[in-house]
Amino acid sequence: MGKSNFFKIVLSLLLIFPLAFFTSSLANKSSAASSKVKITDTLYKGKSFLIYPRVSGLKNNTAQKKINAVLTSHVEHSYQSYLQLKEVKNEDFCKENPSSCNFTLNTRYEVKYNAGGVLSILLYDDSYTGGAHGMSVVTSYNFNISSGYKITLNDVLKSKKSYQKVKKYVSDYMLKHPDLFFDPTTNDFTINKDTSFNYIKEGIGLVFQEYEIAPYAAGTPSINIPIYIYK
C-alpha cells in the first residue's frame with residue numbers, strides 16, 4: 001500500500017470514531033452518594049486497556065440488562081476501532097516506519113452520580129494516532145435505574161428557553177474565568193441534546209469535548225449548572 005493510501009485509512013478511522021491518546025490508569029470512580037447499584041470494572045475481551053463498567057444489584061433485571069447492553073455497546077465500538085488501528089499498523093508504511101505508527105487506544109470510565117434512582121457514567125475514549133499529542137473523547141450515559149431508560153439532555157432541559165438559560169449561564173461562567181476558557185463572544189459553542197452531561201447533587205454538570213470551549217490543557221472541561229437555572 002502506498003503512503004497516500006495509508007494516510008487515507010488513518011483519516012477514515014478518525015472520521016468513523018474519534019480517538020484519543022492512551023493513558024494507562026484504571027477507571028477513577030467516585031460516587032456522589034451511597035446507592036445499591038454496584039459498579040464493577042470489566043475488561044472487554046480481557047484487554048486491560050478497554051475498561052468499562054457493569055452494573056448489578058438492581059431490583060429490575062430487565063432494567064439492569066438494558067443498562068449493561070448500552071455500556072457494552074460502547075466498548076464494542078471502541079474494540080472495533082482498536083482492531084482497525086491494529087490493521088493499519090500492519091500496513092507496509094508502518095512496517096517501514098514503526099516510530100510513525102505508535103498508535104494506542106484506551107477506554108476508561110468514571111461514575112459521576114449514583115443516587116436517587118439515577119446513575120451517571122462518563123466513558124472516555126483516549127488514543128494517540130500521530131501528531132503532537134493524543135485526543136480524548138467523552139461520552140455520557142445517564143440512566144433511570146428503575147426502568148433502564150437512558151436519560152438525554154432533552155429530558156432535563158425540556159424547552160428552548162431552558163437551553164437558552166443554560167447557555168447564558170455557561171457563557172457568563174466562561175467570561176468570569178478567561179484564564180481557563182475561550183472567549184464565548186468570539187468562539188461560539190453549542191449546547192444541544194447530544195452534549196455530554198452528568199447529574200450532580202445540585203443539578204447537572206455539562207461536559208465538553210477537548211478544544212470545544214477551552215484549550216487542550218483543560219482536557220474535557222465540565223461546568224456545573226444549578227437546578228434553579230433551568231427549572
Side-chain angles (χ1 to χ4, degrees), residues 7 9-30 39 41-45 47-53 67 69-89 101-113 119-143 150-154 170 174 180-182 187-199 204-224:
F7 283 112
I9 292 176
V10 174
L11 178 60
S12 68
L13 293 178
L14 294 174
L15 293 175
I16 291 171
F17 186 75
L19 299 173
F21 87 108
F22 175 81
T23 127
S24 61
S25 61
L26 291 176
N28 175 23
K29 303 174 296 300
S30 61
I39 310 294
D41 280 357
T42 308
L43 304 183
Y44 188 74
K45 292 186 178 294
K47 304 295 185 182
S48 61
F49 52 87
L50 295 176
I51 306 172
Y52 73 107
I67 294 172
V70 170
L71 299 173
T72 301
S73 177
H74 182 106
V75 76
E76 285 175 347
H77 195 175
S78 303
Y79 179 70
Q80 291 304 313
S81 294
Y82 157 73
L83 292 180
Q84 291 172 327
L85 274 183
K86 188 176 180 181
E87 184 178 340
V88 170
K89 291 174 74 171
C101 299
N102 291 325
F103 305 146
T104 53
L105 169 68
N106 175 56
T107 296
R108 57 192 171 89
Y109 74 93
E110 182 180 11
V111 178
K112 298 296 291 186
Y113 196 76
L119 176 65
S120 289
I121 293 175
L122 298 181
L123 269 157
Y124 299 87
D125 290 293
D126 307 327
S127 72
Y128 177 75
T129 56
H133 55 70
M135 293 290 289
S136 183
V137 177
V138 59
T139 307
S140 64
Y141 294 99
N142 299 280
F143 301 101
K150 182 182 172 183
I151 304 168
T152 71
L153 196 54
N154 277 352
V170 171
M174 292 168 65
L180 299 176
F181 301 100
F182 296 141
N187 294 276
D188 196 20
F189 62 94
T190 301
I191 298 175
N192 57 35
K193 64 181 181 64
D194 297 318
T195 300
S196 291
F197 79 100
N198 58 264
Y199 282 89
I204 60 172
L206 294 184
V207 186
F208 297 89
Q209 304 300 333
E210 290 179 345
Y211 290 117
E212 190 173 3
I213 64 170
Y216 174 77
T220 53
S222 177
I223 296 179
N224 292 339

Q.
Less than 3.5 Å apart, any donor N or O on the side chain of Tyr109 or Asp41 sitting next to an acceptor on the other?
A.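 Yes, side-chain donor-acceptor contact under 3.5 Å.
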Quick one: [atom1] on [X] to [atom2] on [Y], what's the gap to the nearest 0.5 Å?
| X | Y | atom1 | atom2 | result |
| --- | --- | --- | --- | --- |
| Thr72 | Ile67 | OG1 | CD1 | 11.5 Å |
| Asn198 | Leu206 | CG | CG | 8.5 Å |
| Leu43 | Ile51 | CG | CD1 | 6.0 Å |
| Ile204 | Ile151 | CD1 | CD1 | 11.5 Å |
| Gln84 | Leu105 | CD | CG | 10.5 Å |
| Ile213 | Leu180 | CD1 | CG | 9.5 Å |

Q: Applying side chain to side chain contact (heavy atoms under 4.5 Å, CB included), name anything that partners Phe182, two or more places apart in sequence or on another chain.
A: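 Per chain and number, Phe182 pairs via side chain to side chain contact (heavy atoms under 4.5 Å, CB included) with Asn187, Pro215.
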Q) So, for His133 and Tyr216, is the gap between ring centers shorter than 6.0 Å? A)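 His133 vs Tyr216: aromatic centres under 6.0 Å.
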Q) Just by modelled atom types, is the Val75 backbone N or O under 3.5 Å from a matching donor or acceptor in the Thr107 side chain? A)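 A pair under 3.5 Å: no.
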**Q.** Donor-acceptor pair, side chain of Thr220 and main chain of Glu210, under 3.5 angstrom
**A.**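 No, Thr220 side chain to Glu210 backbone: no donor-acceptor pair under 3.5 Å.
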Q: Identify whether NZ of Lys or CZ of Arg in Lys45 sits under 6.0 Å from the centre of the six-membered ring of Tyr79 and within 45° of that ring's axis.
A: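 Geometry flag: set, cation within 6.0 Å and 45°.
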Q.
Lys112 and side chain to side chain contact (heavy atoms under 4.5 Å, CB included): which single residue from Val207, Leu122, Leu119, Ile121 fits?
A.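 Of the listed residues Val207, Leu122, Leu119, Ile121, the side chain to side chain contact (heavy atoms under 4.5 Å, CB included) partner of Lys112 is Leu122.
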Q.
Under the side chain to side chain contact (heavy atoms under 4.5 Å, CB included) test against Tyr44, which residue among Phe49, Tyr52, Tyr82 passes?
A.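 Per the side chain to side chain contact (heavy atoms under 4.5 Å, CB included) rule, the option paired with Tyr44 is Tyr52, out of Phe49, Tyr52, Tyr82.
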Q. Hey, is Arg108 close enough to Glu110 for a salt bridge, meaning N to O under 4.0 Å?
A.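 Not counted as a salt bridge, because no side-chain N and carboxylate O are separated by less than 4.0 Å.
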(Q) Tell me whether the rings of His74 and Tyr141 are parallel (<30°), tilted (30 to 60°) or perpendicular (>60°). (A)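 It falls in the perpendicular class, over 60°.
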Q: Verify the neighbour count for atom CD of Glu76: are there more than 12 heavy atoms of other residues, nucleotides or ligands below 6.0 Å?
A: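 Correct, the count exceeds 12.
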Q | Which atom of Gly134 lies closest to which atom of Tyr128, heavy atoms considered | A |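 Reported closest heavy-atom pair: N-CD1, 3.7 Å.
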Q: Measure across Asp125 and Ser78 and return the closest heavy-atom pair with its distance rounded to 0.1 Å.
A: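 So the minimum-distance heavy-atom pair works out to OD1-OG, 2.7 Å.
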